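Input: a single structure, listed below in structure tokens.
Here the structure is a predicted model, which means the values were calculated and not measured.
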Amino acid sequence: MSEEPESRIIGGKPAEAGQFPYFVRIVAYGGPWSETRIHRGGGSIIDPRWVLTAGHVIVLTTNTSEPITYHIEAGSIISGEPRQFQIVINDHAFLHPEYNSSILENDIGLIRIKPFTFDEYVQPIRIALGSWNAESYIGETITAMGFGYTSNDGPVSDVLLWTTLTVISREECQPFYDYLPLSCFCGVDKNEKPPITATCSGDSGGPVVITRKAKKGKKQLVEIGLVSFSSTEGCSNAPNGYTNIAQFHDWLTLTMAQNS
């Protein structure tokens, strides 16, 4: 059985075991790919029964007569060697009803799972509240992660990679794109010296997290975005786009409640 990698973090650092316990790798099998396992991207555990990912990670495997399964791999920093995994059929995937594949508007989806066993390597993550505004993220540091190539031309990494970026305004991001989805925010590596880090195409659906203050002065990680798109001129040559989760809080809450 062959496996075709598509995801990449440009200039990323190797993750340590348990560093990102909410991260999952999503692999599709069957349907139009027949015997080939296709690495679709990343996702995150946001509830005992739900994985959050980008819409375009699941869109090619919905509304098809061909049988599709998703392999949800959790708790590992080695590609294909999860500490826990599940096989989920495609009718457990829920794409946002207003997803637009041509412009990646409303690029968000959910996959219903059986509860994982939570431990130090597999844990859910909080998501942004609906009242949060993406403008409040501008200038802040975000963390993104995924499997795959270490540069635009390879080689392929077999370990989970991560990087930190800075959120920029829509005004700063807009010149790099013909159209900027209303449902996204942008991030870029602000370092002036190489290596320049970036997320890239197949990192799609992976979580973008930020540190926020919690009760009693403690800090907690919150997922505010999903890896959505990058420039056709090269992933590290322009800011990257991330789905703004806060805009979809009501849809996420309703979808999970109606389908659990």
Side-chain angles (χ1 to χ4, degrees), residues 20-24 26 41-59 92-101 103-113 115 118 123-145 165-174 179-187 199 203-229 239-260:
F20 305 110
Y22 44 85
F23 179 87
V24 298
I26 300 175
S44 56
I45 304 168
I46 62 168
D47 179 269
R49 296 201 63 186
W50 292 96
V51 162
L52 177 63
T53 188
H56 73 270
V57 168
I58 63 175
V59 68
H92 287 187
F94 299 83
L95 181 66
H96 191 278
E98 296 180 10
Y99 169 72
N100 186 322
S101 61
I103 56 176
L104 290 182
E105 196 73 76
N106 306 308
D107 188 17
I108 193 168
L110 286 163
I111 300 176
R112 189 175 71 229
I113 60 174
F118 291 157
Q123 287 284 332
I125 187 170
R126 294 177 179 271
I127 60 172
L129 298 175
S131 59
W132 291 14
N133 190 316
E135 291 185 358
S136 68
Y137 309 147
I138 295 173
E140 292 207 46
T141 298
I142 54 177
T143 301
M145 65 226 61
L165 304 165
T166 301
V167 179
I168 61 174
S169 68
R170 291 183 64 85
E171 290 74 18
E172 188 175 350
C173 187
Q174 183 70 71
Y179 177 80
L180 198 60
L182 298 175
S183 55
C184 82
F185 62 88
C186 295
T199 54
D203 285 320
S204 298
V208 175
V209 302
I210 197 170
T211 301
R212 280 285 184 263
K213 290 183 179 180
K215 295 180 179 179
K216 298 181 180 179
K218 295 183 179 180
K219 295 182 179 180
Q220 66 179 8
L221 286 178
V222 181
E223 184 175 2
I224 61 171
L226 305 168
V227 178
S228 181
F229 61 88
N240 303 141
Y242 306 102
T243 302
N244 180 22
I245 291 174
Q247 290 183 225
F248 301 98
H249 191 274
D250 289 347
W251 176 77
L252 293 170
T253 301
L254 181 62
T255 301
M256 290 189 289
Q258 292 180 337
N259 296 282
S260 291

Going by atom type alone, with no hydrogens or angles, which donor-acceptor pairs under 3.5 Å involve a side-chain atom of residues 244-251 and a protein atom two or more places apart or on another chain?
unit_1	atom_1	unit_2	atom_2	d
Asn244	ND2	Gln247	OE1	3.2
Trp251	NE1	Thr255	OG1	3.2

Validation: residues 126-138 side-chain donor-acceptor distances under 3.5 Å, sequence neighbours left out:
unit_1	atom_1	unit_2	atom_2	d
Arg126	NE	Gln220	OE1	3.1
Asn133	OD1	Glu135	N	2.8
Ser136	OG	Asn133	O	2.6

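The main-chain N or O of Gly42 is found under 3.5 Å from a side-chain atom of Thr53 such that the two form a donor-acceptor pair. Side chain of Ser204 to backbone of Gly41: no donor-acceptor contact under 3.5 angstrom is found.
Here the OG1 atom belonging to Thr166 is positioned 7.5 Å from the CD1 atom belonging to Ile142, to the nearest 0.5 angstrom. Atoms CG and CD1, from Asp47 and Ile125 in turn, are 13.5 Å apart once rounded to the nearest 0.5 Å. The structure places OG of Ser44 at 8.5 Å from CD1 of Ile26, a figure rounded to the nearest 0.5 Å. A distance of 9.5 Å separates CG of Leu95 from CG of Asn106, quoted to the nearest 0.5 Å. Taken to the nearest 0.5 Å, the CD1 atom of Ile108 stands 6.5 Å off from the OG1 atom of Thr243.
Shown here are the side chain to side chain donor-acceptor pair (under 3.5 Å) partners of Arg112, two or more places apart in sequence or in another chain: His92. With sequence neighbours excluded, the residues satisfying side chain to side chain donor-acceptor pair (under 3.5 Å) with Glu105 are Tyr179, Ser183. In this structure Gln174 satisfies the side chain to side chain donor-acceptor pair (under 3.5 Å) test with no other residue, sequence neighbours excluded. Partners of Glu140 according to the salt bridge (charged side-chain N to carboxylate O under 4.0 Å, His left out) rule, which considers only residues two or more places apart in sequence or in another chain, are Arg212. The side chain to side chain donor-acceptor pair (under 3.5 Å) test applied to Gln123 returns no partner, not counting sequence neighbours. Here Cys186 pairs with Cys173 under the disulfide bond (SG atoms under 2.5 Å apart) rule; sequence neighbours left out.
At a threshold of 4.5 Å between non-hydrogen side-chain atoms, the residues Met145 and Pro207 count as touching. Two residues are said to be in side-chain contact when any heavy atoms from C-beta on lie closer than 4.5 Å; Tyr242 and Thr199 meet this criterion. Annotation: side chain of Leu221 is in contact with side chain of Thr211 (closest heavy-atom distance under 4.5 Å). Residues Pro48 and Phe118 are in side-chain contact: their nearest non-hydrogen atoms beyond the backbone lie under 4.5 Å apart.
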Derivation of the side-chain contact (heavy atoms from CB on, under 4.5 Å) call for Asn240 and Val227 = CA-CA 8 Å; Asn240 303 141; Val227 178; over 6 Å; no

So Phe20 and Thr143, side-chain contact (heavy atoms from CB on, under 4.5 Å) or not? Walk me through it.
-> CA-CA 10 Å; Phe20 305 110; Thr143 301; 4.0 Å; yes

Can you check side-chain contact (heavy atoms from CB on, under 4.5 Å) on Leu252 and Leu110, steps first, answer last?
-> CA-CA 8 Å; Leu252 293 170; Leu110 286 163; 3.8 Å; yes

What do the steps show when you test Tyr99 against Leu104 for side-chain contact (heavy atoms from CB on, under 4.5 Å), and what is the final call?
-> CA-CA 7 Å; Tyr99 169 72; Leu104 290 182; 3.4 Å; yes

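Smallest separation of non-hydrogen atoms from Ala93 and Ile58: CB-CD1, 4.0 Å. Across all non-hydrogen atoms, the minimal contact from Glu223 to Val209 is CA-CG1, 4.1 Å. Closest approach of Ser260 and Trp50 over heavy atoms only: OG-NE1, 3.1 Å.
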